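Everything on this sheet refers to the single structure shown next.
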Amino acid sequence: GYRVSLRGSFFGHNHTYMTFPEYNPREHIKLDPPLNIQSNTTASKCQIWWSTWNVPWYLAEILQYELQYKEYRRSWEVALNKTLPSSLPQVEIEATELRSGIAYVARVRCKISENEDSYRSQWSEWSQTTVFQRADVPKVSENILNTKTMQYLFIPLSFGTLLYLFWNCKLSSRTQKSCPFFKCCFFTLGQKTLPALTFPHQLLSFSHSMVCTMGILR
């Protein structure tokens with residue numbers, strides 16, 4: 001340790017005052033405030049990080065940080081404080097702790113960890129601030145959701161319909177071979193009588209319907 005004394009001259013007389021009979025610099029440390037504090041927000045959390053300056057490596061490993069953040073328009077007296085359990089110069093704030101659409105401001109300070117016996121320090125001054133805001137997830141429109149659902153359902157339904165038409169065509173061809181009466185089939189549309197569509201025409205018409213439906217869904 002050291003012995004620190006204060007000497008002064010008063011009215012022509014020199015006096016010595018003993019201030020610290022045993023002064024240990026390791027127990028009276030005040031670090032510089034953290035630098036370059038930055039932030040980044042996502043839909044689930046806010047990440048804040050910073051750096052330290054003029055701190056020896058053997059002290060950087062035993063540092064303790066305190067984060068303070070608040071809504072931008074409020075005073076620091078109502079700010080929230082978090083003492084970080086790690087000596088890493090970073091912290092995460094869950095999005096659930098932040099209000100949507102509100103800007104926040106944060107700052108940080110440091111000192112030697114209270115669990116350390118070899119060194120003692122007081123809190124540093126507060127760092128500069130960083131401003132951040134919760135990043136909200138955009139809501140999916142119900143119309144978009146319904147369109148997506150229809151697009152996913154359209155492919156298997158179309159495939160099933162094709163199989164159905166193909167199977168009907170096979171049955172029709174067998175029926176026509178076994179009974180000549182069914183070789184010429186007709187159906188009535190209004191007052192006109194038209195021949196029934198054969199399978200290639202049905203397939204072409206159905207493909208055209210598929211293209212038109214996909215265009216509408218988009």
Side-chain angles (χ1 to χ4, degrees), residues 1-2 4 19-20 23-154 216-218:
Y2 297 85
V4 178
T19 308
F20 297 101
Y23 176 76
N24 189 352
R26 291 188 174 190
E27 297 180 356
H28 302 275
I29 299 174
K30 185 174 182 179
L31 301 171
D32 292 323
L35 301 174
N36 303 323
I37 182 170
Q38 301 179 57
S39 58
N40 180 54
T41 55
T42 63
S44 60
K45 59 188 175 183
C46 172
Q47 296 176 317
I48 302 175
W49 65 95
W50 56 89
S51 59
T52 55
W53 180 78
N54 200 24
V55 178
W57 63 268
Y58 52 86
L59 292 182
E61 297 178 350
I62 57 175
L63 286 184
Q64 180 180 4
Y65 295 100
E66 183 179 26
L67 175 75
Q68 192 176 57
Y69 68 98
K70 66 178 182 69
E71 294 183 13
Y72 188 82
R73 296 184 179 276
R74 295 193 174 185
S75 84
W76 287 108
E77 282 72 16
V78 296
L80 298 175
N81 291 59
K82 281 191 174 184
T83 301
L84 310 186
S86 172
S87 61
L88 296 176
Q90 61 185 30
V91 65
E92 293 182 354
I93 303 176
E94 296 297 327
T96 54
E97 302 180 38
L98 307 174
R99 295 172 57 192
S100 177
I102 301 297
Y104 288 81
V105 59
R107 61 185 183 180
V108 68
R109 61 180 180 177
C110 63
K111 72 171 185 176
I112 305 297
S113 173
E114 295 178 355
N115 299 325
E116 182 61 35
D117 296 329
S118 301
Y119 299 91
R120 290 281 187 274
S121 75
Q122 55 182 308
W123 285 111
S124 70
E125 299 297 327
W126 289 105
S127 68
Q128 297 296 318
T129 59
T130 180
V131 179
F132 58 93
Q133 186 171 335
R134 174 179 171 180
D136 291 329
V137 180
K139 295 182 179 179
V140 179
S141 172
E142 292 184 0
N143 294 332
I144 297 176
L145 184 60
N146 293 336
T147 301
K148 291 291 184 182
T149 304
M150 290 298 297
Q151 287 178 345
Y152 288 135
L153 291 177
F154 187 74
I216 294 174
L217 290 178
R218 290 180 183 176

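Quick note: numbers below take in every heavy atom, side chains included, and nothing from hydrogens, waters or symmetry partners. Just so it is clear, the structure is predicted and the values come from calculations on it, not from any experiment.
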Practice task
Determine, stepwise, if the pair Trp49 / Leu88 fulfils side chain to side chain contact (heavy atoms under 4.5 Å, CB included).
Solution key: CA-CA 9 Å; Trp49 65 95; Leu88 296 176; over 6 Å; no
Exercise for the section: Check whether any side-chain heavy atom of Leu31 sits under 4.5 Å from a side-chain heavy atom of Leu63, and report yes or no. Expected result: yes
Exercise for the section: Using distance alone, with no hydrogens and no angle criterion, decide if Glu94 and Thr96 have a side-chain donor and acceptor under 3.5 Å apart. Expected result: no
Problem - Any Tyr119 side-chain heavy atom under 4.5 Å of Ile29 side chain - result: yes
Practice task
Walk me through it: do Leu67 and Ile93 pass the test side chain to side chain contact (heavy atoms under 4.5 Å, CB included)?
Solution key: CA-CA 10 Å; Leu67 175 75; Ile93 303 176; 3.9 Å; yes
Practice task
Return yes if some donor-acceptor pair links the side-chain N/O of Ser121 with the main-chain N/O of Ile112 below 3.5 Å, else return no.
Solution key: yes
Handout entry: Flag, side chain of Ser87 to backbone of Gln64, donor-acceptor distance under 3.5 Å
Key = no
Practice task
Would you mind telling me which of Arg109, Arg107, Lys82 makes a side chain to side chain donor-acceptor pair (under 3.5 Å) with Glu66?
Solution key: Arg109
Practice task
Answer whether the closest heavy-atom distance between the side chains of Ile48 and Phe132 falls below 4.5 Å.
Solution key: yes
Exercise for the section: Tell me yes or no: between the side chains of Tyr69 and Glu97, is some donor less than 3.5 Å from an acceptor? Expected result: yes
Fill in the blank from the handout: Of all heavy-atom pairs linking Val131 and Ser39, the shortest is O-OG, 3.5 Å
Fill in the blank from the handout: CG (Asn40) and CD (Gln47) are apart, to the nearest 0.5 Å, by 6.0 Å
Practice task
Measure the CD-CD distance between Gln38 and Gln90 for me, rounded to the nearest 0.5 Å.
Solution key: 12.5 Å
Exercise for the section: Please check if the side chain of Tyr104 supplies one atom and the backbone of Arg134 the other of a donor-acceptor pair under 3.5 Å. Expected result: no
Fill in the blank from the handout: So CG of Leu59 and OG of Ser118: to nearest 0.5 Å the spacing works out to 10.0 Å
Practice task
Answer yes when Glu125 and Lys30 have at least one side-chain N-carboxylate O distance shorter than 4.0 Å, and no when they do not.
Solution key: yes
Handout entry: Backbone N/O of Cys110 and side chain of Ser124: donor-acceptor pair under 3.5 Å
Key = yes
Practice task
Compare all side-chain heavy atoms of Tyr65 with those of Trp50 and state whether any distance is below 4.5 angstrom.
Solution key: yes
Practice task
Calculate, to the nearest 0.5 Å, the distance between atoms OG and CG belonging to Ser127 and Asp32 respectively.
Solution key: 12.5 Å
Practice task
Report the C-alpha separation of Lys70 and Gln68 in whole Å, then their side-chain angles, then the decisive distance to 0.1 Å, and conclude whether the side chain to side chain contact (heavy atoms under 4.5 Å, CB included) test is met.
Solution key: CA-CA 7 Å; Lys70 66 178 182 69; Gln68 192 176 57; over 6 Å; no
Exercise for the section: Please check if the side chain of Ser51 supplies one atom and the backbone of Leu35 the other of a donor-acceptor pair under 3.5 Å. Expected result: yes
Problem - Minimum-distance pair of heavy atoms, taken over all atoms of Gln133 and Ile102 - result: CG-O, 3.4 Å
Problem - Any donor-acceptor pair under 3.5 Å from Thr129 side chain to Val105 backbone - result: no
Problem - Cys46 and Leu98: CA distance, side-chain angles, deciding distance, side chain to side chain contact (heavy atoms under 4.5 Å, CB included) verdict - result: CA-CA 9 Å; Cys46 172; Leu98 307 174; 4.2 Å; yes
Practice task
Verify, without hydrogens or angle tests, whether Thr42 (side chain) and Lys45 (backbone) share a donor-acceptor contact under 3.5 angstrom.
Solution key: yes
Exercise for the section: Inspect the contact between Glu77 and Arg74 and indicate whether a charged nitrogen and a carboxylate oxygen are less than 4.0 angstrom apart. Expected result: no
Fill in the blank from the handout: Value for CZ (Arg120) from NZ (Lys111), rounded to nearest 0.5 Å, stands at 9.5 Å
